[in-house]
Amino acid sequence: MYRSHTCGELRQEHAGQEVTLAGWVHRRRDHGPLIFVDLRDRYGITQVVFDSASPEVHAVAEESRSEYVIQIRGLVRSRPPEAHNPDLSTGDVEVVALSASVLNPARTTPFYIAKEGGEEESLRLKYRYLDLRRERMQRNMILRHRVVKFMRDFLDAQGFLEIETPILIKSTPEGARDYLVPSRVHPGEFYALPQSPQQLKQLLMVAGYDKYFQVARCFRDEDLRADRQPEFTQLDMEMSFVEQEDVIHLTEQLFTELCAAVVPHKRVPTPFRRLTYAEAMERYGSDKPDLRYDLELVNLGDLLASTPFNVFKGALESGGQVKGLRAPGCAGYSRKQIDELTDIARGSGVKGLAWAAIPADGGDVRSSFAKFLGEGELQAIIARLEGQPGDLLLIVADRPGLVATTLDKLRREIAERLKLADPNVLNFSWVVDFPLLEWNPDENRWDAVHHPFTAPQDEDLPLMTSDPGKVRAKAYDVVLNGYEVGGGSIRIHRRDVQQQLFDLLGISQETALSQFGHMLEAFEYGAPPHGGIAPGIDRIVMLLADESTIREVMAFPKTQQAADLMTNAPSEVDERQLRDLHIRLAK
RNA sequence: GGGCCCGUAGUCUAGCGGUUAUGAUGCCACCCUGUCACGGUGGAGAUCGCGGGUUCGAAUCCCGUCGGGCCCGCCA
């Protein structure tokens, strides 16, 4: 045994005991004949005292440097009354070294372990094993463990079974780009890594495992973002004999109890608010709005039906929208600040941003567009937006999609500037009634918004033939503080409905059979009604940890170019390996 | 595929056409018996990401390239 205790556990009551500790040298305070070493492991820090009265022991402390791994045997004693350290959990005691040895020396680390912050993230990623020693990453890894442990315990208590599904599976064309794995045994053929275990969990329902879950690694070969990595982890769940309401209820209970258990200092409003997709887009311009603050978008189109202002008029005449957003107390924004907002708007693709500032002192409204408006229109706009003295009004006119994207971005920007989002609130909500299909003008067919096994809502079934774009799906997303943290649906279990959907998606009999034959066949052997959801663990932990990227809650994440800076993956491989796989590289 | 931002000792950072390239911290040596971001004295440490160009002169300006970040597209 290298140690009798960890560096986080000694207390006043251990005084007088002889203990053995092992850990890393966190800091060393060398007073010559007296040296203090803060010994660190993942449990905490304990102060060890080396006195020159024992020269051999003292010599070990003298040669030790930061991050040396050392072992000491010593006597726990109460610190002198004036020397207690309230910042350490072990701060009432110290260990007087009786013997000591260096288990392994350490080079000077490329960044401080003891003091965090400031370094380029790429440096932290290159030396991730050092970064992981630090408190921030340790806290995040521990939180992540607790989250996953809670999920497992919760679902186990609810009667769920955790079942593993393969990582090497069949590639299917729709959805995200697959990561492919060449087969050595079958020249020219490939496996895909799962984008999610979607089909497999549905087959488990056919098999009668009516409550399934898995902490499932998922792979998508798409471009990265702060909240998107090429591999990520979902709490994949599926249940038989459930309706949408059952899945929502269970998930809500899971999240509520999870947060109470692991982040008790945060407030979770319950029940979770519910928005339809149409309502979310209308009021927030987003299907994942941050509901910690209001700042709702307001439609102005009807007020401007006969406006002479060409920008508004043109947008409305071509089927677009004019919508606005009230930025409370921002009337004093400088030209520069307004230009920044305009740049943000342009960045989403609109041509410009119309604005009006209502001075707090009751003076004349400053505005970029009032002079182009008709009689009374400015007053009508201000009234509709409920503009008060001191407010800045932001207005966008364009195609509905662009108006939504732009005002969503401006809404988040204003909230950020005004610090409207309470960091200690976890505002979960449900977005429901997603459309089942969206028109794909490039391919001249319908695409599944969720996936091709998502069930349409019963009362919309007649629309499948008459107006497919209006069909709502039994699909639901759970949204947290502006992030989609989970999505799911009730699946189609009727063969005729499935066929109808394939027809709309332009999937031929032959394609359906070759791509989904196993599913269709399975569903002919008694498929129970079923549905599920897949919360994204990385994003949830990120939000619980108050981090702004999921990289901070992953042990070994990849860069935006999908590279691992520590191992230098991806990398070239031997000619021999390629030959085994029957692969020749295109020059 | 596109837009924007960043790259200077181990680390963070100042400098933005002429400096001996700034400071902090870390590192090394010596001194110090109650520190806990210990303190004190001294020292070493930088092909200014890389390549090319403009210029009498480039860390500084221009072009390219590499790496990193944020975003758009993409992400059933």
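All chains are named by letter (A, B, ...) in the order of the sequence lines, taking the proteins before the strands, and each is independently numbered beginning at 1. Nothing here was measured: the structure is a model prediction, and the numbers come from that model.
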Subject >> Side-chain heavy atoms of A/Tyr284 within contact of A/Leu407, under 4.5 Å >> reply: no
Subject >> Span that lies between the P atom of B/U13 and that of B/U19, in whole angstrom >> reply: 24 Å
**OP:** Record whether the side chain of A/Arg225 comes under 3.5 Å of the base of B/G73 through a donor-acceptor pair of N or O atoms.
**Re:** yes
Subject >> hbond_proxy A/Tyr127 side chain to B/G10 base (donor-acceptor, 3.5 Å cutoff) >> reply: no
Original post:
Taking the P atom of each, how far is B/C16 from B/G23, in whole Å?
Top reply: 16 Å
**OP:** Give, ordered by number, those residues of residues 558-565 of chain A having at least one heavy-atom distance below 4.0 Å to an atom of RNA chain B; if nothing qualifies, reply none.
**Re:** A/Thr559, A/Gln560, A/Gln561, A/Leu565
Original post:
With rounding to whole Å, what would you report as the distance between B/U25 and B/G42 at their P atoms?
Top reply: 14 Å
Original post:
Below 3.5 Å, does any donor atom in the side chain of A/Arg228 face an acceptor in the base of B/C74, or the other way round?
Top reply: yes
Original post:
Which letter, B, S or -, goes with each nucleotide of nucleotides 34-43 of chain B from 5' to 3', with contact meaning a protein heavy atom under 4.0 Å?
Top reply: BBBSB-----
Original post:
On a whole-Å scale, what distance lies between the P atoms belonging to B/G73 and B/G52?
Top reply: 40 Å
Original post:
With side chains defined as the heavy atoms from C-beta onward, is the minimum distance between A/Leu353 and A/Leu410 less than 4.5 Å?
Top reply: yes
Original post:
Hey, does the side chain of A/Arg177 reach the backbone of A/Asp221 with a donor-acceptor pair shorter than 3.5 angstrom?
Top reply: yes
